[in-house]
Chemist: 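Questions regarding the structure given below will be posed in turn.
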Amino acid sequence: DGGITQSPKYLFRKEGQNVTLSCEQNLNHDAMYWYRQDPGQGLRLIYYSQIVNDFQKGDIAEGYSVSREKKESFPLTVTSAQKNPTAFYLCASPTGLAGAQFFGPGTRLTVL
Amino acid sequence: GDSVTQMEGPVTLSEEAFLTINCTYTATGYPSLFWYVQYPGEGLQLLLKATKADDKGSNKGFEATYRKETTSFHLEKGSVQVSDSAVYFCALSGNSNYQLIWGAGTKLIIKP
């Protein structure tokens with residue numbers, strides 16, 4: 001079945017450490033997105049990529065970095081510069097249905 | 001800029017009650033409109049969509065009508081079930097990059 005996988009589901013890190021969240025898709029989609037979700041809030045766009053080897057900052061890119069070396073993969077690194085990284089992170093890809101997006105199951109990051 | 005406003009939650013209803021979750025938007029042009037649902041600990045799933053004025057999206061007993069005159073896309077269901085308990089997000093897509101503008105989400109709690 002086609003879809004988006006994110007790993008791990010839960011991630012813990014110590015303050016000052018970088019951590020990389022995985023996002024893989026087998027939908028053959030060109031575009032991929034990373035969102036951050038905080039309790040009781042909507043989704044905020046961190047980074048997006050429209051094509052391999054290209055990506056753009058979203059609304060809250062500070063403290064994050066991404067790469068897009070393969071069409072299937074769009075990993076997100078949460079760096080130590082991110083002041084408040086504890087959140088739920090969602091990876092998504094447009095389905096082509098008038099702009100709808102298909103989401104992965106998410107990774108919950110907790111900084112200890 | 002474009003924006004989406006949803007009614008604040010949580011919304012608490014008894015099983016078999018009628019549901020309305022309000023969503024209004026501000027946008028230039030003719031956006032597509034979406035409702036997504038998020039069950040606890042999971043990613044978002046597309047619930048329904050509408051791409052032009054007067055379109056009605058429907059799925060799993062939920063409906064929403066694209067009202068351009070009132071810039072609204074209210075979500076309705078005639079008889080809710082405990083399994084409908086989730087967070088519901090309204091969103092719009094208006095540009096060619098398939099970026100979505102999100103509401104803050106409305107938590108729905110259905111009591112047996």
Side-chain angles (χ1 to χ4, degrees), chain A residues 3-11 21-25 27 29-51 54-61 87-110, chain B residues 1-11 21 23 25 27 29-53 55 57 59 64 66 73 86-109:
Chain A
I4 298 177
T5 57
Q6 291 186 245
S7 61
K9 188 171 178 63
Y10 299 96
L11 188 56
L21 283 59
S22 168
C23 176
E24 303 280 332
Q25 56 105 350
L27 302 165
H29 288 175
D30 287 316
M32 297 181 75
Y33 295 75
W34 274 106
Y35 290 96
R36 170 180 171 139
Q37 185 181 23
D38 293 285
Q41 297 188 33
L43 278 65
R44 292 184 289 170
L45 184 64
I46 304 172
Y47 267 98
Y48 65 99
S49 169
Q50 299 285 82
I51 198 167
D54 185 55
F55 48 82
Q56 306 295 328
K57 292 182 179 180
D59 300 320
I60 56 164
F88 191 48
Y89 291 88
L90 290 158
C91 182
S93 184
T95 67
L97 296 176
Q101 293 187 4
F102 190 86
F103 282 82
T107 292
R108 186 166 298 282
L109 172 64
T110 302
Chain B
D2 295 354
S3 65
V4 175
T5 302
Q6 289 182 237
M7 65 188 294
E8 286 192 29
V11 173
I21 299 179
C23 171
Y25 67 91
Y30 304 95
S32 297
L33 300 172
F34 307 90
W35 277 102
Y36 283 82
V37 59
Q38 184 180 34
Y39 299 102
E42 298 184 9
L44 277 70
Q45 302 174 27
L46 178 64
L47 182 60
L48 54 85
K49 65 176 178 66
T51 58
K52 61 183 187 297
D55 265 3
N59 186 26
Y66 189 160
F73 192 54
V87 180
Y88 292 81
F89 291 91
C90 185
L92 69 83
S93 172
N95 62 40
S96 60
N97 289 333
Y98 300 118
Q99 292 187 52
L100 296 182
I101 307 300
W102 296 90
T106 301
K107 184 173 184 177
L108 175 64
I109 301 170

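A, B, ... follow the sequence lines: proteins, then strands. Residue 1 opens every chain.
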Chemist: Please look at A:L90 and chain B and tell me whether the side chain, the backbone, both or neither of the residue comes under 4.5 angstrom of a heavy atom of that chain.
Modeler: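 A:L90 touches chain B through side-chain heavy atoms alone.
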
Chemist: Got a sec, which residues hit salt bridge (Lys or Arg N to Asp or Glu O under 4.0 Å) with A:R108, two or more places apart in sequence or on another chain?
Modeler: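 Testing A:R108 for salt bridge (Lys or Arg N to Asp or Glu O under 4.0 Å), a comparison that skips the adjacent residues, returns none.
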
Chemist: Which bit of A:Q37 comes within less than 4.5 Å of chain B, counting heavy atoms only: side chain, backbone, both or neither?
Modeler: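 Just its side chain gets close to chain B.
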
Chemist: So, using salt bridge (Lys or Arg N to Asp or Glu O under 4.0 Å) as the criterion, who are the partners of A:D30 when residues are at least two apart?
Modeler: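 So A:D30 forms a salt bridge (Lys or Arg N to Asp or Glu O under 4.0 Å) with A:K71.
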
Chemist: Rounded at 0.5 Å granularity, tell me how far OH in A:Y33 sits from CG in B:L100.
Modeler: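 One finds 7.5 Å between OH of A:Y33 and CG of B:L100.
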
Chemist: Which distance, rounded to the nearest 0.5 Å, do you find between the CD of A:Q101 and the OH of B:Y36?
Modeler: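 Going from the CD atom of A:Q101 to the OH atom of B:Y36 covers 5.5 Å.
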
Chemist: Using the ring pair (Phe, Tyr, Trp, His ring centres under 6.0 Å) definition, which of the options B:W102, B:Y39, B:F89 pairs with A:F103?
Modeler: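 Single pass found, and it is B:W102.
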
Chemist: I'd like to verify something: which residue of B:Q38, B:Q45, B:K107, B:E8 has the highest number of heavy-atom pairs under 4.5 Å with chain A?
Modeler: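 Highest number of pairs under 4.5 Å: B:Q38.
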
